[in-house]
2 protein chains.
Amino acid sequence: MNQSNCMVAQSGGPTTAINASLAGVISGVMESGKYDICYGAINGILGILNERYLNLSEMMKEDGSLARLRVTPAMYLGSCRHKLPNYKDDDSPYVYIFNQFARLNIKAFFYIGGNDSMDTVLKLSDYATKINSDIRIIGIPKTIDNDLCMIDHTPGFGSAAKYIASTMLEIAHDTFIYAVKSVTIVEIMGRDAGWLTAASALARNRYNTAPHFIYLPEVAFNKEQFLNDIREKLKTLNNVIVAVSEGIRDENGDYITASKAVADQFGHQQLSGAGKALEFLVKENIGVKVRSIEINVLQRCAAHMSSQTDLDEAFALGRKAVSLAEEGVTASMVTLERTSNTPYTVSYDHAPIRGIANEAKSIPREWINDAGNDILPQLYDYLRPLIQGEVSVQYKDGIPVYMPVPHLKPQI
Amino acid sequence: MNQSNCMVAQSGGPTTAINASLAGVISGVMESGKYDICYGAINGILGILNERYLNLSEMMKEDGSLARLRVTPAMYLGSCRHKLPNYKDDDSPYVYIFNQFARLNIKAFFYIGGNDSMDTVLKLSDYATKINSDIRIIGIPKTIDNDLCMIDHTPGFGSAAKYIASTMLEIAHDTFIYAVKSVTIVEIMGRDAGWLTAASALARNRYNTAPHFIYLPEVAFNKEQFLNDIREKLKTLNNVIVAVSEGIRDENGDYITASKAVADQFGHQQLSGAGKALEFLVKENIGVKVRSIEINVLQRCAAHMSSQTDLDEAFALGRKAVSLAEEGVTASMVTLERTSNTPYTVSYDHAPIRGIANEAKSIPREWINDAGNDILPQLYDYLRPLIQGEVSVQYKDGIPVYMPVPHLKPQI
């Protein structure tokens with residue numbers, strides 16, 4: 001009898017939860033009555049085009065491997081940012097990919113990624129329909145940005161949010177020590193949506209009021225209002241701390257940035273410098289001590305600070321994808337819905353991939369205050385459950401133990 | 001009978017171990033047969049000049065308070081960067097300070113800080129000698145920079161080193177995911193000494209060779225050699241990761257920086273931009289994808305990632321200072337000596353404050369390779385014991401629980 005195998009790949013930007021979903025897929029396949037081997041393609045869809053695969057069922061059969069993979073940051077299988085052409089313009093990559101699927105007896109393909117990766121899922125699904133293939137194509141969401149539609153929140157977001165909130169609290173401790181007036185600008189990721197920047201508000205507690213202002217891409221940024229905010233706050237507070245999204249724009253839609261923006265392959269602008277731009281604004285117009293801190297990639301790779309809730313959900317979504325494929329579902333993305341907030345519960349389901357790809361979800365305006373410089377209680381309530389629980393990362397010789405990067409060499 | 005009290009204050013830049021030393025002092029005083037109350041001066045020596053004090057013996061008597069203080073980042077008592085004048089030029093602050101000591105029955109003063117704080121300890125000691133005061137003046141070292149003389153290593157360094165090594169490993173995972181050539185520059189603190197930057201090498205393990213180059217202030221930075229290093233490494237590796245100290249200088253002693261340098265009150269230059277400068281160099285001369293990451297203040301305030309070894313030693317030094325004062329020692333700094341490396345053991349002692357203040361300790365040149373772009377095994381051996389052990393930080397609502405900042409209000 002022919003084998004019935006499946007394949008999984010990862011794409012887009014790293015999160016600390018994307019390997020939990022990978023572990024979920026492998027775990028699901030290991031327990032599946034339908035699938036034999038779980039292959040991993042290296043560097044996303046490029047791994048198929050370059051025929052670079054790992055036999056994950058074999059590699060992960062050792063006790064404890066999946067548990068370690070689950071807490072390891074970034075893509076174990078490597079990533080790519082590769083946009084497939086429309087098959088009507090050029091079907092050659094599709095022909096190649098489906099030939100590979102046939103050769104390896106692939107009956108289901110799982111793609112773990114963000115918005116751009118769901119575009120790939122959509123295109124592969126459309127092509128499968130066209131050629132009457134019965135291969136199941138299922139997307140598994142991840143993105144620290146939390147900007148995917150049709151899902152309450154994205155895996156990876158909760159861990160990044162937890163790291164940002166904790167780091168904001170630690171920055172507040174660091175900042176409050178001096179009696180001299182100062183402004184600290186903390187720049188946080190989020191190109192089009194301010195979810196991560198908003199999460200910095202979870203640092204507030206009974207003694208810490210920082211961040212004192214939160215500027216989001218959802219509200220047009222006004223330099224004069226910003227300077228007024230800071231001036232007013234400095235009257236009652238020595239150390240003002242500001243959280244700002246990398247993606248803030250002025251009323252014309254132009255990014256507030258200290259450096260030139262260039263467009264990437266998907267038409268996104270590569271940003272840097274909103275924090276620096278605000279630092280310069282304060283320096284030139286207010287003249288107090290000012291520092292900008294770009295949390296940078298640490299917010300998406302600091303796996304030692306992952307949210308247990310986030311990793312559990314990411315793992316569950318990986319397993320859900322396998323069971324959906326077994327049931328015959330295709331052209332879909334697995335989703336999670338918040339069924340209750342107190343106590344926090346979720347249920348797992350799926351949605352058609354069309355309508356998800358290439359759409360972005362922003363913070364509702366009614367969850368942001370009128371002045372556009374802080375968040376409202378509804379957003380706290382939405383965010384807080386997502387950062388709960390601490391992961392158990394092992395340490396050896398003083399540093400965390402993660403799953404070794406498989407040197408991205410082909411194995412089969 | 002008159003009370004016999006003591007006072008403690010903190011100064012300079014934050015570390016995650018400086019409150020462990022404070023907890024050590026309070027613990028020592030609580031168990032002392034000689035001292036009654038431990039006062040804390042707010043914002044370092046300025047707290048005495050402004051008469052802003054806390055009664056720490058009272059505040060910390062609750063069970064668990066000292067344990068929580070021990071893991072809390074930055075200065076619980078606030079800090080300052082205040083340079084006392086030479087008393088021969090102006091003795092007015094000294095008269096004021098010693099009047100305060102007399103009013104509060106202070107018999108011992110402990111100052112926790114770095115190089116500049118030891119300058120204050122020296123000056124107070126000299127003045128005490130001049131006026132025949134029997135008040136004990138003892139410095140307790142801390143600095144993430146590890147650049148104090150007469151001590152094997154400084155409290156605060158091990159925790160920062162652990163954070164840097166762990167973060168470097170997480171950045172490596174984040175960076176290795178793409179198959180396209182890239183260079184990542186990680187800028188690490190250390191104005192005059194490269195100890196922290198060197199600690200990034202502890203991220204190397206059986207699968208991770210990053211950082212691939214380490215540039216330190218101890219070796220003159222040469223742009224051509226740097227570009228050659230990168231070009232050569234890119235021939236065999238897709239993702240090159242570089243650790244660079246903020247304090248690298250060229251052969252003329254000029255800082256490699258992307259922005260203007262300004263001098264602070266102690267004549268230090270406030271740096272930013274070595275990482276950015278190297279990013280621009282790569283961008284202009286090599287043209288691969290390049291990113292710079294400034295770890296910034298996170299390396300000195302990420303208390304959730306402190307080294308248990310570091311906090312234990314910082315605590316022990318605080319207690320040692322109290323017992324030395326009881327024995328009549330003054331004009332000194334508590335020290336620790338490494339009595340063995342395998343197994344790692346230390347002993348605590350003290351050294352005269354003269355000869356410590358205003359001196360800086362660099363990495364010995366023989367612990368750096370000939371090319372000046374990496375460290376040698378002796379330095380690994382020196383560093384590794386200092387990052388061992390993980391602290392137990394409590395979490396509530398998803399973020400760490402630290403000792404509340406006491407709002408820096410006077411209490412007595």
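Residue numbers start from 1 in every chain, and the chains themselves are labelled A, B, ... in the order their sequence lines are given, proteins ahead of strands. All values derive from a computational prediction rather than experimental measurement.
With sequence neighbours excluded, no residue satisfies salt bridge (Lys or Arg N to Asp or Glu O under 4.0 Å) with B/Arg68. Residues satisfying the side-chain hydrogen bond (donor to acceptor under 3.5 Å, both in side chains) criterion with A/Lys283, sequence neighbours excluded, are A/Glu279.
No other option in A/Ser307, A/Ser79, A/Cys80, A/Ala74 has as many heavy-atom pairs under 4.5 Å with chain B as A/Ser79. Contact count against chain A (heavy-atom pairs under 4.5 Å) is highest for B/Cys301 among B/Ala302, B/Gly44, B/Cys301. Put simply, of B/Ala303, B/Ala161, B/Gly158, the one with the most heavy-atom pairs under 4.5 Å next to chain A is B/Ala303. Heavy-atom pairs under 4.5 Å with chain A were tallied for B/Met305, B/Lys396, B/Gln308; the largest tally goes to B/Met305.
A donor-acceptor pair is defined here as one N or O able to donate and one able to accept, closer than 3.5 Å; such a pair exists between the side chain of A/Lys162 and the backbone of B/Gly398.
B/Arg300 contributes atom CZ, which lies 14.0 Å from atom NE2 of A/His173 (distance to the nearest 0.5 angstrom). Between B/Arg204 atom CZ and A/Asp397 atom CG the span is 14.5 Å, to the nearest 0.5 Å. In this structure, OG in A/Ser292 is found 7.5 Å from CD in B/Glu294, a value given to the nearest 0.5 Å. Considering CG of B/Asn43 and CG of A/Asn238, their distance stands at 8.5 Å, rounded to 0.5 Å.
Nearest approach of B/Pro404 to A/Arg206, heavy atoms of both residues: CG-NH2, 3.5 Å. Taking all atoms of both residues into account, the shortest heavy-atom contact from A/Leu169 to B/Pro400 is CD2-O, 3.4 Å.
The aromatic rings of B/His304 and A/Tyr163 lie perpendicular to each other, with more than 60° between the two planes, well past the 30° mark.
Residues of residues 9-22 of chain A lying within less than 4.5 angstrom of chain B, judged on heavy atoms, are A/Gly12, A/Gly13, A/Pro14 in numerical order. Chain A is approached within less than 4.5 Å, heavy atom to heavy atom, by B/Arg384, B/Ile387, B/Gln388, B/Glu390 from residues 383-393 of chain B, ordered by number.
For chain A, no part of B/Met168 is nearby; none of its heavy atoms comes within less than 4.5 Å. Of the atoms belonging to B/Asn296, it is side-chain heavy atoms, and not backbone ones, that fall under 4.5 Å from chain A. In this structure, the portions of A/Asp174 lying under 4.5 Å from any heavy atom of chain B include both its backbone and its side chain. Both the backbone and the side chain of A/Ile293 come within contact range of chain B, with heavy atoms under 4.5 Å apart. Both the backbone and the side chain of B/Tyr402 come within less than 4.5 Å of a heavy atom of chain A. Heavy atoms of A/Ala203 lying under 4.5 Å from chain B belong exclusively to its backbone. For B/Thr209, no part lies near chain A; criterion is any non-hydrogen pair under 4.5 Å. Looking at B/Ile171, the atoms closer than 4.5 Å to chain A (heavy atoms on both sides) sit in the backbone and in the side chain alike.
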Please assess A/Tyr178 against B/Met75 for the test side-chain contact (heavy atoms from CB on, under 4.5 Å), listing each intermediate value before the final yes or no. CA-CA 9 Å; A/Tyr178 291 118; B/Met75 284 78 167; 5.8 Å; no

Report the C-alpha separation of B/Val297 and A/Arg291 in whole Å, then their side-chain angles, then the decisive distance to 0.1 Å, and conclude whether the side-chain contact (heavy atoms from CB on, under 4.5 Å) test is met. CA-CA 10 Å; B/Val297 301; A/Arg291 180 199 290 273; 3.6 Å; yes

With side-chain contact (heavy atoms from CB on, under 4.5 Å) as the test, would you mind laying out the steps for B/Met403 and A/Tyr207 before giving the verdict? CA-CA 9 Å; B/Met403 203 65 183; A/Tyr207 64 89; over 6 Å; no

